[in-house]
Number of protein chains: 2
Amino acid sequence: MARAATTSDAFNAVAEPRRREILNYLALQERSVGEIVATLELEQPSVSKHLRVLLDVGLVNVRREGRRMMYRVNAEAIRPLHEWTSTFERFWQHQLIRVKENAERKSSAWQGAIPAAGKTNSD
Amino acid sequence: MARAATTSDAFNAVAEPRRREILNYLALQERSVGEIVATLELEQPSVSKHLRVLLDVGLVNVRREGRRMMYRVNAEAIRPLHEWTSTFERFWQHQLIRVKENAERKSSAWQGAIPAAGKTNSD
DNA sequence: ACAATACATGCCGATATGGGAATATGTCAA
DNA sequence: TTGACATATTCCCATATCGGCATGTATTGT
């Protein structure tokens with residue numbers, strides 16, 4: 001087996017930089033394929049293929065408007081991704097809290113002693 | 001050109017389900033390769049290779065302890081991912097607000113209604 | 001019906017991938 | 001040093017991917 005199919009889930013779909021660009025662009029508002037092509041400066045078939053992948057995993061929705069296909073983000077499909085990354089949030093929150101505490105201690109307590117600047121291994 | 005290299009960024013690295021499993025496991029605490037192999041039931045070379053990728057993109061750090069290599073999550077590297085997904089958060093927040101409003105309207109008639117202890121997104 | 005517009009799809013080649021098996025490297029213990 | 005243990009790397013292969021190009025399909029205007 002090779003790599004997992006990009007059409008399998010949102011994680012694979014957004015691994016591709018161009019697809020993230022497309023999603024970023026669509027985040028602003030609904031757009032036609034032509035607008036995406038013009039703005040992102042990609043070939044039309046390329047855009048269509050990326051949109052197809054995004055559609056398969058549910059990251060975008062489509063609507064026909066005359067000859068044009070209007071694509072829009074379906075943020076619900078991004079949610080699992082957001083939630084997965086959130087499970088690691090506490091790590092950098094600890095970090096932030098400590099930075100904040102250090103800053104407060106330094107400014108309020110007394111300013112002069114250098115705490116032997118060692119890289120604390122965060123724990 | 002083919003697909004972007006998996007070693008290029010965190011997005012590509014976490015596109016692989018097994019690597020996410022490894023990160024989930026390491027999120028709990030620092031672990032040796034052997035522990036990962038035993039717990040996730042993968043082949044040792046496979047685990048080593050995945051860890052190599054995670055290491056290259058900075059998603060994990062290593063420390064040698066005798067013959068064993070202790071791996072730990074570097075959550076900082078996950079942050080860009082979290083932040084990117086956050087840019088779409090407003091879409092589903094609209095959704096949540098409406099759900100919440102509906103719930104409140106319904107329960108306002110009641111006095112002792114249970115406030116639906118939901119996971120607050122802490123922010 | 002016909003042409004033009006707007007997309008979608010198919011085929012191709014170059015390349016990156018993940019798993020398996022074998023092997024190499026590094027560390028400790030006697 | 002030798003051997004056992006823990007992990008990393010290499011080689012091979014089947015497959016999925018992306019881009020480019022050509023072509024197919026749907027819709028509108030005349």
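In what follows, every heavy atom counts, from backbone to side chain, and hydrogens, waters and symmetry copies are set aside. Throughout, protein chains are lettered first and strands after them, A, B, ... in sequence-line order, and every chain is numbered starting at 1.
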If I take atom [atom1] in residue [X] and atom [atom2] in nucleotide [N], what distance separates them, rounded to the nearest angstrom?
X: B:R19; N: C:dA16; atom1: CZ; atom2: P; result: 15 Å
X: B:L42; N: C:dG20; atom1: CG; atom2: C1'; result: 13 Å
X: B:I36; N: D:dA8; atom1: CD1; atom2: P; result: 9 Å
X: B:R64; N: C:dT25; atom1: CZ; atom2: P; result: 14 Å
X: A:N12; N: C:dA16; atom1: CG; atom2: P; result: 17 Å
X: A:L51; N: C:dA8; atom1: CG; atom2: C1'; result: 11 Å
X: B:I22; N: D:dT7; atom1: CD1; atom2: P; result: 13 Å
X: A:L40; N: D:dC18; atom1: CG; atom2: P; result: 16 Å

Original post:
Under 3.5 Å, side chain of A:N74 to main-chain N/O of A:G58, donor-acceptor pair present?
Top reply: yes
Between [Y] and [X], is there a side-chain heavy-atom distance shorter than 4.5 Å?
X: B:N24; Y: A:W84; value: yes
X: A:R63; Y: A:M69; value: no
X: B:V53; Y: B:R19; value: yes

**OP:** Establish, for the pair A:R31 and A:Y71, whether the NZ or CZ atom is under 6.0 angstrom from the six-membered ring centre and no further than 45 degrees off its axis.
**Re:** no
Original post:
Got a second to check how far B:E65's CD is from B:M70's CE, nearest 0.5 Å?
Top reply: 5.0 Å
Original post:
Just to confirm, is there a sub-4.0 Å distance from OP1 or OP2 of C:dA6 to any side-chain nitrogen or oxygen of A:Y71?
Top reply: no
Pairwise N/O distances under 3.5 Å, protein to nucleotides 3-6 of chain D:
from: D:dC5; atom 1: O4'; to: B:R67; atom 2: NH1; distance (Å): 3.2

**OP:** Check the pair A:V73 / A:L59 against side chain to side chain contact (heavy atoms under 4.5 Å, CB included), numbers first and verdict last.
**Re:** CA-CA 6 Å; A:V73 170; A:L59 279 165; over 6 Å; no
Original post:
Among D:dC18, C:dG20, D:dA8, which nucleotide sits nearest the side chain of A:H50?
Top reply: D:dC18
So which protein N/O to nucleotides 9-11 of chain D N/O distances come out below 3.5 Å?
from: D:dT10; atom 1: O4; to: B:K49; atom 2: NZ; distance (Å): 3.3

Under 3.5 Å, side-chain donor or acceptor atoms of residues 37-46 of chain A against the rest of the protein: list the pairs with distances, not counting sequence neighbours.
from: A:T39; atom 1: OG1; to: A:Y25; atom 2: OH; distance (Å): 3.0
from: A:T39; atom 1: OG1; to: A:E35; atom 2: O; distance (Å): 2.8
from: A:Q44; atom 1: NE2; to: A:S48; atom 2: OG; distance (Å): 3.1

Original post:
Relative to each other, are the rings of B:H82 and A:H82 parallel, tilted or perpendicular (30° and 60° limits)?
Top reply: parallel
